[in-house]
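Here the structure is a predicted model, which means the values were calculated and not measured. Quick note: residue numbers are just sequence positions, from 1.
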Amino acid sequence: MSAEIYNCTISILRGTGVNALGDIVDARIPVYTGIGAYLGERSKTVFAPATQTPRTVRSIVCVVPSWPDVFSSDQILDETSQYIYAIEDVTHPPTLMGAPVDEILTLRRVTANTT
């Protein structure tokens, strides 16, 4: 990935712990920090089949270099906005030349908007 399209730096968070009630919770331990990435929103309009009313479906896409090992169980911290995202999908695009290519992550924000 070219550094020209980076619009943020991210941290990859991993791990679980147990809270006071014995429930398993995300520990959010940073395993990689300061990774240059592209974070953006896509939207598309779809029609609900029953009512034929248009709905706008938004998804957040993140493009990261291939060197950090990212798993769908990880979380992403946008170091600029401090928002935390859950990873819904990790896509490894195919390559013809054998060189590593960027990974495309589909995200869902899990922290509330505080502004």
Side-chain angles (χ1 to χ4, degrees):
M1 175 166 61
S2 172
E4 291 87 25
I5 67 166
Y6 293 163
N7 65 356
C8 67
T9 57
I10 63 168
S11 294
I12 297 175
L13 310 175
R14 189 174 293 161
T16 58
V18 178
N19 67 8
L21 300 174
D23 298 326
I24 296 175
V25 294
D26 292 319
R28 295 184 175 159
I29 300 167
V31 289
Y32 297 105
T33 59
I35 300 170
Y38 169 78
L39 194 62
E41 184 176 287
R42 323 186 254 208
S43 63
K44 66 179 177 179
T45 302
V46 296
F47 286 90
T51 62
Q52 288 298 308
T53 55
R55 281 184 49 213
T56 301
V57 177
R58 288 177 171 47
S59 63
I60 300 164
V61 64
C62 182
V63 180
V64 297
S66 61
W67 59 266
D69 45 330
V70 180
F71 303 109
S72 59
S73 59
D74 294 342
Q75 292 183 333
I76 301 291
L77 167 68
D78 179 355
E79 295 174 355
T80 306
S81 68
Q82 296 299 305
Y83 289 146
I84 295 177
Y85 300 91
I87 300 174
E88 293 183 338
D89 186 42
V90 178
T91 304
H92 306 279
T95 178
L96 295 175
M97 302 301 290
V101 295
D102 300 331
E103 294 180 343
I104 302 169
L105 312 175
T106 305
L107 308 177
R108 177 180 39 86
R109 192 167 74 196
V110 296
T111 53
N113 189 355
T114 58
T115 58

Are Val101 and Tyr6 grouped together when hydrophobic residues (ILVMFWY) are joined by side-chain heavy atoms under 4.5 angstrom apart?
no

From Ile10 atom CD1 to Tyr32 atom OH, the distance as rounded to the nearest 0.5 Å
11.5 Å

What are the two closest non-hydrogen atoms of Pro65 and Asp102, and how far apart are they?
CA-OD1, 3.7 Å

Nearest atoms (heavy-atom pairs only) where Thr111 meets Gln82
OG1-O, 4.5 Å

Gln75 versus Ile84, closest heavy-atom pair with distance
OE1-CG2, 3.6 Å

Do the side chains of Val70 and Trp67 join up, straight or via other hydrophobic residues, at under 4.5 Å, putting them in one cluster?
yes

Do Thr106 side-chain atoms and Glu88 backbone N/O form a donor-acceptor pair below 3.5 Å?
no

I need the Ile76 CD1 to Ile35 CD1 distance, nearest 0.5 Å.
7.0 Å

Closest non-hydrogen contact found for Ser11 with Gly34 is OG-N, 4.2 Å

Report yes or no: do Ile87 and Ile29 belong to one cluster of Ile/Leu/Val/Met/Phe/Trp/Tyr joined by side chain heavy-atom distances under 4.5 Å?
no

Is the side chain of Asp26 donor-acceptor paired with the backbone N or O of Arg28 at a distance under 3.5 Å, no angle test?
no

What's the separation between atom CG in Asp74 and atom CZ in Arg14, rounded to the nearest 0.5 Å?
4.0 Å

Minimum heavy-atom separation for Arg58 to Ser43, with atom names?
CG-CB, 3.9 Å

Spatial distance of atom CG (Asp78) from atom CD1 (Ile60) [nearest 0.5 Å]
10.0 Å

Applying the side chain to side chain contact (heavy atoms under 4.5 Å, CB included) criterion to Leu39, which one of Val63, Val61, Leu107, Thr9 satisfies it?
Leu107

Taking atom OH of Tyr83 and atom CG of Leu77, what is their separation to the nearest 0.5 Å?
12.0 Å

Which distance, rounded to the nearest 0.5 Å, do you find between the CG of Leu105 and the OG of Ser72?
10.0 Å

